[in-house]
Amino acid sequence: MGAYLVRRFGLMLLTLFGISVIIFVLLRVVPGNIVDILFDSAGMVNPAEKVKIEKELGLDLPIPQQYAAWIGGLVHGDLGYSYVSEKPAIAEIAPRIPVTAKLAAMALAFSVLIGVPFGVISAVRQNSAADYVLRVLSLSGLSLPSFWLGLLMLMGFVAWFGDMPIYTEPPATLWDELLLYAAPAAAVGFRSSALVMRLTRSSMLEVLRQDYIRTARSKGASASSVNYHHALRNAMLPVVTVIGLEAAFLIGGLIVTETVFNIPGVARFLVEAIRTRDYPIVQNLVMFIAVVVVVVNFIVDMLYAVLDPRIRYSG
Amino acid sequence: MLGTPTRLLAAATMVAGLLAATTLHAQEPKRGGILKIYQRDSPASASIHEEATYSTNVPFMAVFNNLVIYKQDVPQNSLDSIVPELATSWAWSPDNLRLTFKLREGVKWHDGKPFTSKDVKCTFDLLMDKATDKFRKNPRQTWYQNVADVTTNGDFEATFRVNRPQPSLLALLASGYTPIYPCHVSARDMRVHPIGTGPFKFVEFKQNESIKLVRNPNYWKPGRPYLDGLEFPIITNRSTAMLAFIAGKIDMTFPTEVTAPILKDIRAQAPKAICSFGPTNVSTNLIVNREMPPFDNADIRRAMALTLDRQAFIDILSEGKSDIGGSMLPQPAGVWGMPPDMIKTMVGYDPDVQKNRAEARAIMERLGYGPNKRLKMKVSTRNIPSYRDPAVILIDQLKEIYIDAELDVVETSTWFAKVARKDYSVGLNLTGNAVDDPDQTFYENYACKSERNYTQYCNPELEKLFDKQSAETNLEARKKLVWEIDRKLQDDVARPIILHIQAGVCWQPDVHGFTPMVNSSYNGYRFEDLWLDR
């Protein structure tokens, strides 16, 4: 196990190094640079001033030197300055992380709390009316883009309640915060819950047909004991994998949902930073997201062993 | 008459909105409250002098004062509506070569330091690139090319010395684009934490989140401002922003963001909201790269101008609610627009579009093009609906004269860089004029050396006329010169103006004291007279 962990940790570092190189190079390959974009809001480009700003921002240095400066700073906790706001990158990024983290956690909780129980119900009552309804619901969840669903929800809120849950100022209490994030979390989590529901259903159906389930039933175990104690635990392995992957993919859904619900999180901020080629923000945020994804994947791998004692890791 | 029903409708809408707003002026204003206006995007910086978009003016103009300003409750900006602000009076020398301002005493910057004439000199030295400190961007340097220097006489007098008479200098100084900056704060700090003398103090600017200003308790104007503060939540999704307005979560929409279809929605869903819909002094125009073959041929450019069916653009894009004109905003909202009968006589402006197109086709055939030999090209534009939509219509209209164009959608933030590199053949552009004055329009957009002259149209003879009209002190004589220049610009296909956009702004019925301006989208955001009836 120890050797496995060391090897896994080494692979994680290698992955992060690869990502850092790719994002650094890609940002500099795409057309348009920060100086052009800075001038865009002035409606003109002055070549002399452009050269001056490029030098000021260190963009005139060779790319390997720029990369080394970034990684060197990162190691020392210096993320540099946002080219656009001229504030430290950490001051721009840090306040936005909890916002997105809470939203992502709520969306993930929504998808698990809705997806798993409904998936089980759908499986144990296969081909019943409830199963058909849940399957239609899960199909619609996979088909509806979250931004469109979000807009529909907002229009519904305004039409029926005369109010809408969008961010115009920081929520004052925990309750306000929950109310604010509930709708966007549902909009994003609906798609994930559909996926989890479908996967739980098919996985459960497969497990329910196994010999040991028949044996448990023949020994007189109750239906709930068979379904939830014997079957669900074994059916959860692929579901946990998908939940882990969904946690990483949520960021994609959050980009549009944060825009529609006007939530000042990292996802929307990242898109804006890419648009303005604010390299320090994009590089550091992508690295942060990469670390989260790598760590979540690691946790998912560890969970396998907890869920199925037969799984053992070795070097 | 060209666009008469449109104008009448616009005027009626405008008057209705303004009447609703102004009748309530009779009420005694109340103190207090925070006004929330949605901000359409995150401005690049807080420094008005370094930006060329009212995304910066709207939230930050209230932080500052100018020497003079357009009276904030008069909808049409003109030399007659200019009032003193940090100046108490002004006077031209008998030879019209020196403009002297007496300055207000006892005014303090938001950090407590006193305002003096040195601040006026510092501001204009920065703008004229004569200061040690430098702006990162200086988009309006051309505005002051006729100013030789700014001198001070004691702490409360400043004089602008001009190379030749320029009565419109005052119009430029009254714009929301011309705040006075403090000497003791660097250009860099003004981008992130602006210090002004205005009615509201800067509190914070969180990118993509919000901008907050708070009442300046030491404001030099007694009793102002009425509001405790201003908040600009940044809502980039227009559908969300309009729903938020309808739900009453914000008090005012971002100016000019209400289009004709959105206005209908607001009227239906928030019938008590007060809306004003009218001209913006922003034009949709065609830019042609005059250096790239075959567009270096003046005949092709003329043919392109002749194929434009402006009324079709207006009907499709704004349900008939926009205006046809030359480079200056058309009357009645515009002060300098040509008479409608004169507009019809310019190249491509004859209402008989079929006749124009027949002439255009004849030109193209003379150049060797025809139904079997069509000219292939790209129409480049920014990836924003207000640019993209007219570009599609343009492509359709170009087909009429044997031109098959393809839409080249450019990522919005790289648009001006592409245009500056001349990496386009034909483009569809929008131009906002901050000041309804020929000096701003002509020197900024058509002068040979201007960085914002995107097509690099250069006519030294016409530039002499720019100077002549600029120096003319007789208003009627100047208007005639301006019309002559405008006609020449359109006939030369310098940057064919397709339409002058109309748009709107809405506010909740308990917001009072706001007057939308009809010939500029840049000058009416001091917000010191606004109050909330709550």
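Protein chains get the first letters and strands the later ones, always in sequence-line order, with residue 1 at the start of each.
Contacts between residues 153-162 of chain A and chain B, defined by a heavy-atom separation under 4.5 Å, are made by A:Leu154, A:Met155, A:Val158, A:Gly162.
Contact count versus chain A (heavy atoms, under 4.5 Å) is highest, among B:Arg188, B:Gln269, B:Lys134, B:Lys36, for B:Arg188. Looking only at heavy-atom pairs under 4.5 Å with chain B, the residue among A:Arg275, A:Lys87, A:Lys52 that has the most is A:Arg275. Between chain A and the residues B:Ile250, B:Ile235, B:Thr414, B:Ile246, the largest count of heavy-atom pairs under 4.5 Å involves B:Ile235. Ranked by heavy-atom pairs under 4.5 Å with chain A, the list B:Thr240, B:Thr56, B:Asn237 is led by B:Thr240.
In this structure, A:Glu86 pairs ionically with B:Arg136, as a charged nitrogen and a carboxylate oxygen lie closer than 4.0 Å. Ion pairing of B:Glu411 with A:Arg277 is present here, as a side-chain N (NZ or NE/NH1/NH2) and a carboxylate O approach within less than 4.0 Å.
The distance from atom OH of A:Tyr81 to atom CG of A:Leu57, rounded to the nearest 0.5 Å, is 13.0 Å. Atom CZ of residue B:Arg267 and atom CD1 of residue B:Ile262 lie 13.0 Å apart, to the nearest 0.5 angstrom. Between atom CD1 of residue B:Ile266 and atom CG of residue B:Leu243 there is a gap of 9.5 Å, rounded to the nearest 0.5 Å. Within the model, atoms CD1 of A:Ile23 and CG of A:Asn284 stand 10.5 Å from one another, a figure rounded to the nearest 0.5 Å.
Neither the backbone nor the side chain of A:Phe147 comes within less than 4.5 Å of any heavy atom of chain B. Of the atoms belonging to B:Phe135, it is backbone heavy atoms, and not side-chain ones, that fall under 4.5 Å from chain A. The contact between A:Leu38 and chain B is made by backbone and side chain atoms together, counting heavy-atom distances below 4.5 Å. Both the backbone and the side chain of A:Ile166 come within less than 4.5 Å of a heavy atom in chain B. With a 4.5 angstrom heavy-atom cutoff, B:Ser210 does not touch chain A via any of its atoms. Heavy atoms closer than 4.5 Å to chain A are found nowhere in B:Arg238, neither backbone nor side chain. Residue B:Lys418: no heavy atom, backbone or side chain, is found under 4.5 Å from chain A. Neither the backbone nor the side chain of A:Lys50 comes within contact range of chain B; no heavy atoms are under 4.5 Å apart. In this structure, chain A has no heavy atom under 4.5 Å from any part of B:Arg140. With a 4.5 Å cut-off on non-hydrogen atoms, A:Glu49 touches chain B through its side chain but not through its backbone. With a 4.5 angstrom heavy-atom cutoff, B:Glu50 touches chain A only via backbone atoms. The contact between B:Thr236 and chain A is made by backbone and side chain atoms together, counting heavy-atom distances below 4.5 Å. Heavy atoms of B:Ala247 lying under 4.5 Å from chain A belong to its backbone as well as its side chain.
A donor and an acceptor atom, one from each side chain of B:Asn445 and B:Arg452, are nowhere located under 3.5 Å apart. B:Tyr181 and B:Ser47 share a donor-acceptor pair across their side chains, judged by distance under 3.5 Å alone. Side-chain contact, B:Gln440 with B:Trp143: no donor N or O sits under 3.5 Å from an acceptor N or O. Side-chain contact check for A:Tyr167 and A:Glu258: no donor-acceptor pair (N or O, by modelled atom type) lies under 3.5 Å.
By the 30° and 60° cut-offs, the orientation of the rings of A:Tyr67 relative to A:Phe24 is perpendicular.
Because its NZ or CZ atom is both nearer than 6.0 Å to the ring centre of A:Phe269 and within 45° of the ring axis, A:Arg96 counts as a cation-pi partner of that residue.
Of the possible polar contacts, one joining the B:Asp228 side chain to the B:Gly33 backbone as a donor-acceptor pair under 3.5 Å is found.
Under the 6.0 Å cut-off for aromatic ring centres, B:Phe205 and B:Phe232 do not qualify, their centroids lying 6.0 Å or more apart.
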